[in-house]
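Order of the sequence lines fixes the chain letters, A, B, ..., with proteins taken first and strands second; residue numbering starts at 1 for each chain.
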Amino acid sequence: MKDQLRLAIKVSLQQCYADKTLNSEVSLDEIQLEIPKNSEHGDFSTNLALTLAKPERKAPRKIAEILVAALQGNPLCDKIEIAGPGFINFRLAATCWYEILDQITEQGNKYGCSNIGAGTKIQVEFVSANPTGPLHIGHGRGAVVGDTVAAVLQAAGFEVQREYYINDAGNQVLTLGRSILLRLRELQGEVVEFPEDGYQAPYVIDLATKYRTEQGGLNGVAEAEAIELCARFGVAEVLKWIEVDLQAFGIHFDSWYSEKNLYDQGMVKKELSKLKEKGLSFEMDDALWLRTTEYGDDKDRVLIKSDGSYTYFASDVAYHMEKFDRGFNRVIDVWGADHHGYIPRMKAMLAGLGHSPEDLEVLLIQMVNLLRDGKPYIMGKRSGNFVTLKEVIDEVGRDACRFFFLMRRCDSPLDFDLELAKQQSSDNPVYYVQYAHARICSINRNAAESGLEQLSGSVDYQRLELVEELALVKQLARFPETVAGAALSYEPHRIVFYLQDLAAQFHSYYNRYRVLVDDPATSRARLALVNAVRTVLANALQLLGLSAPEQM
RNA sequence: GCGCCAGUAGCUCAGUUGGAUAGAGCAACGGACUUCUAAUCCGUAGGCCGAGGGUUCGAAUCCUUCCUGGCGCGCCA
């Protein structure tokens with residue numbers, strides 16, 4: 001709809017250039033068309049005349065008059081007006097809008113999808129929590145945002161892979177192993193001194209107990225080997241928990257990528273030697289450094305420590321290079337905002353190895369402040385006092401939880417009060433949207449009962465003559481561009497706001513008018529309209545990973 | 001000290017990437033169920049868009065200087 005109008009304007013502009021009524025020959029790559037806030041200003045509006053004012057050396061309104069003259073008689077438009085400083089406002093013919101209803105019927109659950117991604121291969125890496133403990137609420141936000149960004153990109157025609165990076169090679173894994181081993185010895189009656197930096201949380205005792213029943217004790221096994229065994233056992237167990245929790249949240253990964261595997265396959269060594277060849281790394285104080293300052297970082301970064309062990313950054317270099325080797329055109333990392341300091345060094349590394357830094361997009365997810373009864377909960381795995389994601393899902397429900405995480409832009413911090421979320425659950429916004437869907441399903445049941453659906457045949461959309469009905473159709477028409485915009489900007493919350501707007505418009509219409517009236521033709525037309533609404537509600541809900549209940 | 005993110009109605013937040021008279025949800029107040037589900041709707045009230053300066057036809061949005069809050073600034077992950 002919008003594109004058709006845009007094309008028509010473009011043609012007219014070319015016409016003006018050909019006729020020499022306009023002379024600047026400025027070629028605009030894209031004509032800006034927007035939907036005015038005020039409906040009196042028409043369905044679409046363009047500032048074209050304003051932007052041409054300077055190159056044309058003419059008054060904007062004068063230019064607008066010339067353009068409007070060239071556009072006169074276009075079948076798309078009902079009315080074209082010049083307003084304000086030189087805006088051109090278009091009101092489209094109602095028949096144009098009704099075509100949208102047929103499109104929605106035809107496309108069904110594909111309505112809203114587009115091909116602006118054009119099959120570009122893009123990877124979304126998210127969650128990637130260390131496999132040393134269960135997911136907590138902070139991971140939940142990143143999980144939902146990452147999952148939904150991926151879904152929205154898919155809908156926009158990108159080829160998407162969801163990946164979880166498993167940090168199973170670092171120090172913290174050994175710490176987990178050591179903690180399990182100590183708890184195991186405790187279970188065997190030994191008195192042990194539990195170190196400050198060990199994992200103190202109770203789940204470690206569960207892991208030790210499980211190890212003992214399944215694998216037996218570790219008497220007579222050398223310390224280092226025992227730690228290694230416990231670590232590997234612990235990581236495998238914790239990963240199972242994580243996968244189960246994510247499944248309960250409706251999240252599925254296409255790929256689980258192991259850091260340890262990166263080392264085992266020699267990828268880290270390989271990438272590091274590439275850096276050396278390019279003269280980007282250097283030795284100093286017995287350590288190996290990457291000259292990231294060359295590409296805008298504020299200091300150089302260590303790759304290999306003076307004790308010979310690798311930093312987390314070293315494997316990240318290899319990991320990200322390997323992503324591009326796998327053929328992704330673009331790579332998205334979803335991180336907690338507390339890691340934002342890592343962006344410059346990652347971009348520097350990519351630039352050094354010959355990639356465009358723009359090919360890596362880092363989405364920073366601001367902190368979730370978990371509250372209970374208004375009091376802050378202390379987060380952190382070692383404190384032992386944290387609320388797991390699973391507990392939250394069990395308490396407030398999956399749909400409400402997902403919706404809550406998607407409601408705000410991801411770069412604004414989120415206060416999540418469990419008691420409040422439960423208390424408000426009766427008028428939680430997610431139910432508002434779902435209720436709209438359920439209501440339409442209910443209308444359908446009533447229609448079926450009165451035999452109305454048998455009267456199918458071509459629907460007379462001219463019966464939809466109320467301004468509210470036309471407004472609903474227009475709202476439905478903007479769904480595809482909303483999805484596309486959300487995809488290109490990685491902002492899934494746009495879908496949430498769209499959904500709330502559409503639901504509000506429907507509820508208002510529902511309260512004011514009846515769908516099923518005495519006149520069958522009107523009933524059928526209205527039924528077609530609300531079912532188009534239902535389709536779009538369902539598509540949007542699905543995109544967000546939420547259910548679309550038929551009854552509530 | 002440096003860097004990143006934020007500052008919009010009493011509270012929580014949107015604001016179509018620079019457009020016309022700044023919006024919604026809670027909370028407050030007043031109304032609507034013999035009619036397809038009241039988990040809903042209608043109405044009222046609420047604003048120096050943190051502050052100053054700049055850019056232009058036009059700024060909540062862009063540049064700059066401050067103020068406030070959060071988070072970072074390791075041979076930790």
Side-chain angles (χ1 to χ4, degrees), chain A residues 32-38 40-41 45-47 50-51 53-54 59-61 83-87 89 130 132 167 170-173 175 197 284-289 298-299 301-313 315-316 336-344 364 366-367 369 407-415 420 424-436 438-447 449-450 452 478 481-482 485 488-489 491 493-494 496-498 500-501 503-504 506-517 523 526-527 530 551-552:
Chain A
Q32 285 183 47
L33 258 190
E34 59 162 35
I35 299 170
K37 276 177 274 192
N38 188 337
E40 283 172 27
H41 295 143
S45 165
T46 183
N47 61 353
L50 294 165
T51 50
K54 196 166 270 184
R61 288 193 69 109
F87 292 103
N89 296 334
N130 287 335
T132 53
N167 289 111
N171 236 322
Q172 69 287 349
V173 171
T175 305
D197 62 349
M284 187 176 78
D285 302 333
D286 296 326
L288 185 70
W289 298 70
D298 7 312
K299 54 176 85 166
R301 306 294 174 177
V302 172
L303 292 163
I304 302 179
K305 301 181 232 172
S306 53
D307 68 359
S309 63
Y310 292 91
T311 60
Y312 179 83
F313 182 47
S315 54
D316 254 356
D338 52 339
H339 288 69
H340 70 259
Y342 276 70
I343 297 175
L364 294 176
Q366 282 293 340
M367 300 290 103
N369 302 313
M407 267 179 67
R408 8 180 92 57
R409 252 184 17 221
C410 63
D411 49 12
S412 88
L414 170 65
D415 284 339
L420 205 65
Q424 288 185 343
S425 69
S426 60
D427 58 357
N428 193 308
V430 68
Y431 299 123
Y432 179 83
V433 175
Q434 291 177 324
Y435 186 49
R439 268 184 155 173
I440 298 171
C441 292
S442 175
I443 295 171
N444 283 338
R445 285 189 292 271
N446 286 312
E449 217 169 283
S450 58
L452 204 76
R478 19 187 345 186
E481 66 197 71
T482 303
L488 293 177
S489 59
E491 291 180 341
H493 75 275
R494 293 192 191 191
V496 176
F497 284 93
Y498 172 84
Q500 288 179 298
D501 285 346
F506 167 74
H507 281 310
S508 177
Y509 174 70
Y510 177 95
N511 268 276
R512 189 148 176 198
Y513 306 100
R514 284 186 57 89
V515 171
L516 304 176
V517 290
S523 296
R526 290 184 176 176
L527 209 46
V530 297
Q551 287 184 52
M552 288 174 75

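- Atom CG in Asp316(A) sits roughly 14 Å away from atom C1' in C76(B) (whole-Å rounding).
- Applying the 90° cutoff around 0 to the glycosidic angle, C11(B) is assigned anti.
- The same atom, C1', is picked in C41(B) and in C5(B); the two are 39 Å apart, to the nearest Å.
- Two residues are said to be in side-chain contact when any heavy atoms from C-beta on lie closer than 4.5 Å; Trp289(A) and Leu303(A) fail this criterion.
- A distance of 14.5 Å separates CG of Asp286(A) from NZ of Lys305(A), quoted to the nearest 0.5 Å.
- Between the P atom of U35(B) and the CD1 atom of Ile443(A) lies a distance of 15 Å, rounded to the nearest Å.
- Separating the OH atom of Tyr509(A) from the P atom of C42(B) is a distance of 15 Å, rounded to the nearest angstrom.
- For the pair Tyr310(A) OH and C76(B) C1', the interatomic distance rounds to 18 Å; values are reported in whole Å.
- In this structure, the side chains of Arg514(A) and Ser523(A) stay at 4.5 Å or more apart for every pair of heavy atoms.
- Nearest nucleotide to the Arg439(A) side chain, out of A6(B), A38(B), G72(B): A38(B).
- In this structure, CD of Gln434(A) is placed 17 Å from P of A38(B), rounded to the nearest angstrom.
- Interatomic distance, Asn47(A) CG to Glu34(A) CD, rounded to the nearest 0.5 Å: 7.0 Å.
- For Tyr432(A), a side-chain nitrogen or oxygen approaches OP1 or OP2 of C41(B) to under 4.0 Å.
- Within 4.0 Å (heavy atoms only), His340(A) reaches at least one base atom of the nucleic acid.
- In this structure, Arg409(A) reaches the A6(B) phosphate: one of its side-chain N or O atoms is under 4.0 Å from OP1 or OP2.
- Spacing between G23(B) and A9(B) at atom C1', rounded to whole Å, works out to 10 Å.
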- Message: Dot-bracket, 5' to 3', for RNA chain B please: Watson-Crick or G-U pairs under 3.5 Å, [ ] where pairs cross earlier ones, | where the partner sits on another strand, dots elsewhere.
- Response: (((((((..((((.....[...)))).(((((.......))))).....(((((..]....))))))))))))....
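- We find that CZ of Arg514(A) is positioned 14 Å from P of U34(B), with the value rounded to whole Å.
- Using a 4.0 Å heavy-atom distance criterion, Tyr498(A) is classed as making no nucleic acid contact.
- Per the geometry, CG belonging to Leu414(A) stands 16 Å off P belonging to A6(B), to the nearest Å.
- Between Ala436(A) and Ala503(A), the closest heavy-atom pair is CB-CB, 4.1 Å.
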Considering only nitrogen or oxygen atoms on both sides, find all protein atoms under 3.5 Å from nucleotides 73-75 of chain B and state each distance.
from	atom 1	to	atom 2	distance (Å)
G74(B)	OP2	Lys299(A)	NZ	3.1
C75(B)	O2	Ser306(A)	N	2.7
C75(B)	O2	Ser306(A)	OG	2.9
C75(B)	N3	Ser306(A)	OG	3.3
C75(B)	N4	Asp285(A)	O	3.1

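- Of all the heavy atoms in Gln172(A) and Asn167(A), the pair that sits closest is NE2-O, 3.5 Å.
- Residues passing the side chain to side chain contact (heavy atoms under 4.5 Å, CB included) test with Lys37(A): none are found, sequence neighbours excluded.
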- nucleotides 16-26 of chain B: protein proximity per nucleotide (B base, S sugar-phosphate only, - neither; heavy atom, under 4.0 Å): BB-BBB-----
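- To the nearest 0.5 angstrom, Arg409(A) atom CZ is 11.0 Å from Ser489(A) atom OG.
- Rounded to the nearest Å, the gap between the P atom of G54(B) and that of G47(B) is 27 Å.
- Here Asn369(A) contributes atom CG and Asp415(A) contributes atom CG; the two are 5.0 Å apart, rounded to the nearest 0.5 Å.
- The side chain of His493(A) lies closest to G15(B) when the candidates are U37(B), G15(B), U35(B).
- Between the C1' atoms of U8(B) and U61(B), the separation comes to 12 Å (whole Å).
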Polar atom pairs between nucleotides 10-12 of chain B and protein, under 3.5 Å, N or O only, would you list them?
from	atom 1	to	atom 2	distance (Å)
U12(B)	O2'	Arg408(A)	NH2	2.1

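- Qualifying side chain to side chain contact (heavy atoms under 4.5 Å, CB included) partners for Val530(A), counting only residues two or more places apart in sequence or in other chains: Ile440(A), Phe506(A), Tyr509(A), Val515(A), Leu527(A).
- If you find the closest nucleotide of RNA chain B to Val515(A) and to Ala337(A), the one lying nearer the 5' end belongs to Val515(A).
- U16(B) and C62(B) have their P atoms separated by 10 Å, given to the nearest Å.
- Look at the C1' atom in both G74(B) and A6(B): the space between them is 27 Å, to the nearest Å.
- Between Ser45(A) and Pro36(A) there is a side-chain heavy-atom pair separated by less than 4.5 Å.
- At least one side-chain heavy atom of Ile35(A) sits under 4.5 Å from a side-chain heavy atom of Arg478(A).
- For the residue pair Thr132(A)/Asn130(A), the side-chain donor-acceptor check at 3.5 Å is not satisfied.
- Between Tyr435(A) and A39(B) there is a side-chain N or O to OP1 or OP2 distance below 4.0 Å.
- Classified by its glycosidic torsion, U34(B) falls in the anti category, the angle being over 90° from 0.
- With Tyr510(A) as the aromatic partner, Arg439(A) meets the cation-pi criteria of under 6.0 angstrom to the ring centre and within 45 degrees of the ring axis.
- Side-chain contact between Phe87(A) and His41(A): absent, with no pair of heavy atoms (C-beta onward) separated by less than 4.5 Å.
- Comparing the P positions of C42(B) and G25(B) gives a spacing of 8 Å, expressed to the nearest Å.
- Rounded to a whole Å, the CE atom of Met367(A) is 12 Å from the C1' atom of C4(B).
- Within the 4.5 Å cutoff, side-chain heavy atoms of Pro429(A) are placed close to those of Met407(A).
- Separation of the C1' atoms belonging to U40(B) and G58(B) is 41 Å when rounded to the nearest angstrom.
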